[in-house]
Amino acid sequence: MAEKELLTLDGHLSEYSYVGGYLPTQADFVLLKSGHIPSDPPHSLPSVRRWAAHMASFSASELEALPQLKDGCKIDEQLSNLVKNNLNMEKKEAPKNAGEQKKGAQNSKGKSGKFVLKTPKGTRDYNPAEMAVRRKVFNTIYSVFHMHGAVEIETPVFELKEVLTGKYGEDSKLIYDLEDQGGEILSLRYDLTVPFARYVAMNKITNIKRYHVARVYRRDNPAMTRGRYREFYQCDFDIAGQYEAMLPDAECVQLVHQVLSKLDLGEYTIKINHRKILDGVFGACGVPAEKFRPICSAVDKLDKSPWEEVRKEMVDEKGLDPSVADTIGEYVKLSGREELIEKLENDERLKGSAAAQAGFADLKLLFEYSKALGCDTYLVFDMGLARGLDYYTGVIYEAVLKAGQEGGEEGTVGSVAGGGRYDQLVGMFDPKKKTVPCVGVSFGIERLFAIQERKDKAQTDKIRATQTEVFVASACKGMLMERLKLLGTLHTAGIKAESSYKNNPKLLNQLQYAEDNGIPMVVLIGESEVQEGVVKVRNTSSREEVTVKRDELTTVIKQRLTVNL
């Protein structure tokens with residue numbers, strides 16, 4: 001495509017998330033497969049680069065399944081012709097300069113100069129029904145955290161930039177930097193682990209078992225359909241302190257097992273490996289010490305990319321000798337259980353590696369403790385598990401759920417939890433370099449939420465967004481004050497209740513509201529009920545009604561709620 005045509009396309013994409021609107025369509029697919037877009041668009045075309053990176057995140061089957069361009073979509077005529085006629089574009093004046101493009105994108109204004117109302121890229125809104133599902137998942141995770149005696153902490157959403165710098169390896173480029181604020185250079189937190197290490201060092205804590213649930217931010221190329229966002233929640237559980245070897249690590253594995261079992265989202269495995277084993281393999285295979293972390297980062301992509309692509313990155317981008325890469329490939333494709341540990345312990349290359357042998361000893365102990373805790377059947381020793389973050393020093397693990405893969409090429413939805421041991425991170429913040437051993441796990445709430453939502457929708461047509469237990473309704477006019485009195489009585493008793501805001505609502509509309517919102521019970525009152533000092537309690541689903549005295553109402557309601565639960 002000619003330079004002017006690319007500039008025109010970049011100008012269009014600065015106003016739209018994608019070619020056909022705010023979601024990718026077949027128009028984007030046609031443009032992608034035409035081959036007219038460079039594989040690595042120049043930095044002078046920021047919107048084209050963003051579009052190309054996003055489209056590259058889709059699998060072949062996902063691209064084929066993109067919807068057709070909707071009728072009435074406000075795609076300009078020339079761009080529509082570009083897509084429909086294999087990019088034979090008419091001549092069009094390009095934006096004057098990239099600065100104007102950037103300014104237009106920052107102001108979120110379309111060609112008409114009007115403000116385009118949308119969420120920022122890589123973020124989304126959640127409606128009440130979706131929030132109900134999220135709260136269900138959160139509450140399950142909270143309950144397990146509390147079962148293990150963890151305490152909760154909270155840290156700021158941004159940190160001093162130097163706190164985050166140098167902790168994430170190649171992923172450091174994904175940190176969101178903020179403008180200078182009063183002489184402090186700040187960045188949005190990338191995860192909850194580094195802020196926790198800073199908290200431990202700053203407060204001179206020697207041991208703590210903590211959890212933290214909060215949003216984190218990554219300047220990544222978003223892939224919303226695959227659960228990759230720029231703003232998302234992490235649910236972290238960490239144990240800091242000097243304890244018996246592998247006991248805290250085994251507790252983290254048990255905690256992952258308990259959360260996923262309670263959520264009941266289908267089969268899962270907990271893959272484990274050890275950084276010392278990886279370092280031992282790299283050293284035995286001939287990887288220079290300075291390349292350990294870059295090669296580890298490449299291996300970390302094996303769950304998303306085939307070995308051929310990972311090998312190419314090692315050789316072409318990381319400068320590794322091809323024969324060394326091939327030797328590494330013999331190891332990182334292996335997976336198994338205790339028998340694999342024993343096999344590798346006696347491997348000729350690894351026998352002389354003190355690091356690898358120490359890692360094997362740790363994993364054997366982890367299997368023993370996990371067996372005692374009743375969660376060893378879910379463990380798989382996977383040599384391809386690397387976790388690319390620089391701060392890991394020992395055991396690493398990742399939980400993979402096998403459910404919810406609708407039409408995708410991969411066999412799983414990817415990692416839903418991950419973590420490991422990081423014994424040196426706290427010492428990086430301590431003036432005297434005093435270390436505090438740490439191990440932890442983080443749950444990816446977005447993927448868990450997506451699978452839970454599909455499960456709930458399969459079980460029922462409606463996901464209940466409200467927690468209301470009782471709807472107070474009136475059968476005739478002039479009952480507003482009586483309804484308010486009943487609401488006050490129910491609320492005082494701790495019963496979740498609501499009523500219509502209308503003075504004289506129609507009875508049918510009130511009953512329909514309770515049914516539509518899944519409210520289990522309706523309390524009905526009318527003139528005769530007021531005179532007799534009673535109310536009617538109606539079961540919304542069965543429509544069965546009973547009459548109870550007003551002073552017995554809360555007792556009856558609580559009993560019925562207990563039975564329904």
Side-chain angles (χ1 to χ4, degrees), residues 10 13-19 21-24 28 41 43 45-59 62 101-102 104-108 115-127 130-131 134 137-138 155-159 161 163-165 167-179 181 185-195 212-236 297 300-301 303-304 387-389 413-418 442-451 453:
D10 195 76
L13 290 172
S14 70
E15 300 163 16
Y16 293 95
S17 293
Y18 312 106
V19 172
Y22 296 115
L23 291 173
D28 297 85
H43 288 278
L45 302 171
S47 299
V48 172
R49 285 178 64 84
R50 171 179 53 78
W51 174 86
H54 178 70
M55 295 305 295
S57 70
F58 288 92
S59 66
E62 288 174 326
Q101 296 173 26
K102 184 176 180 182
Q106 288 176 337
N107 291 334
S108 298
F115 177 69
V116 178
L117 198 61
K118 66 185 188 72
T119 59
K121 298 178 186 70
T123 66
R124 59 169 291 191
D125 294 323
Y126 294 92
N127 63 39
E130 291 168 336
M131 283 305 300
R134 288 174 73 82
V137 175
F138 277 133
T155 61
V157 72
F158 45 79
E159 297 275 353
K161 182 177 180 179
V163 167
L164 305 181
T165 301
K167 312 301 188 302
Y168 302 107
E170 294 183 3
D171 285 347
S172 292
K173 62 181 180 292
L174 303 181
I175 294 174
Y176 266 112
D177 293 331
L178 303 177
E179 292 184 2
Q181 298 291 331
I185 307 301
L186 308 173
S187 299
L188 293 177
R189 61 187 173 208
Y190 176 90
D191 66 3
L192 302 178
T193 305
V194 171
H212 187 187
V213 177
R215 288 184 173 95
V216 298
Y217 299 85
R218 298 184 183 178
R219 194 167 49 84
D220 204 351
N221 291 314
M224 311 291 275
T225 59
R226 302 177 71 176
R228 192 164 75 219
Y229 298 84
R230 288 180 170 178
E231 177 194 58
F232 56 95
Y233 270 95
Q234 281 190 342
C235 305
D236 278 27
S297 178
D300 186 46
K301 298 172 184 175
D303 63 332
K304 307 178 187 70
R387 298 196 65 80
L389 300 181
V413 297
S415 169
V416 293
S442 178
F443 291 91
I445 194 68
E446 308 306 336
R447 285 174 175 171
L448 288 174
F449 154 65
I451 300 166
E453 185 178 36

> In chain order, what residues pass the ring pair (Phe, Tyr, Trp, His ring centres under 6.0 Å) check against Phe158, with sequence neighbours excluded?
Replying inline: none

> Taking only residues two or more places apart in sequence, or in another chain, which ones meet Gln234 in a side chain to side chain donor-acceptor pair (under 3.5 Å)?
Replying inline: none

>> Asp125: which residues meet the side chain to side chain contact (heavy atoms under 4.5 Å, CB included) condition with it, sequence neighbours left out?
In response: Thr119

>> Checking Tyr176 now: which residues fulfil ring pair (Phe, Tyr, Trp, His ring centres under 6.0 Å) with it, not counting sequence neighbours?
In response: none

> Under the ring pair (Phe, Tyr, Trp, His ring centres under 6.0 Å) test, which residues partner Tyr217, sequence neighbours left out?
Replying inline: none

> Would you find a donor on one side and an acceptor on the other, under 3.5 Å apart, between the side chain of Lys301 and the backbone of Ser297?
Replying inline: no

>> I'd like to check the salt bridge (Lys or Arg N to Asp or Glu O under 4.0 Å) partners of Arg215; sequence neighbours left out, ordered by chain and number.
In response: Glu231

> Sequence neighbours excluded, which residues qualify as ring pair (Phe, Tyr, Trp, His ring centres under 6.0 Å) partners of Tyr190?
Replying inline: Tyr168

> What residues form a salt bridge (Lys or Arg N to Asp or Glu O under 4.0 Å) with Arg134, not counting sequence neighbours?
Replying inline: Glu446

> Tell me, do Val194 and Asp191 make a side-chain contact under 4.5 Å, heavy atoms counted?
Replying inline: yes

>> I want to check something: taking the side chain as every heavy atom from C-beta on, are Asp236 and Thr193 in contact at a cut-off of under 4.5 Å?
In response: yes

> Does the pair Glu130/Arg124 count as a salt bridge with the N-to-O cut at 4.0 Å?
Replying inline: yes

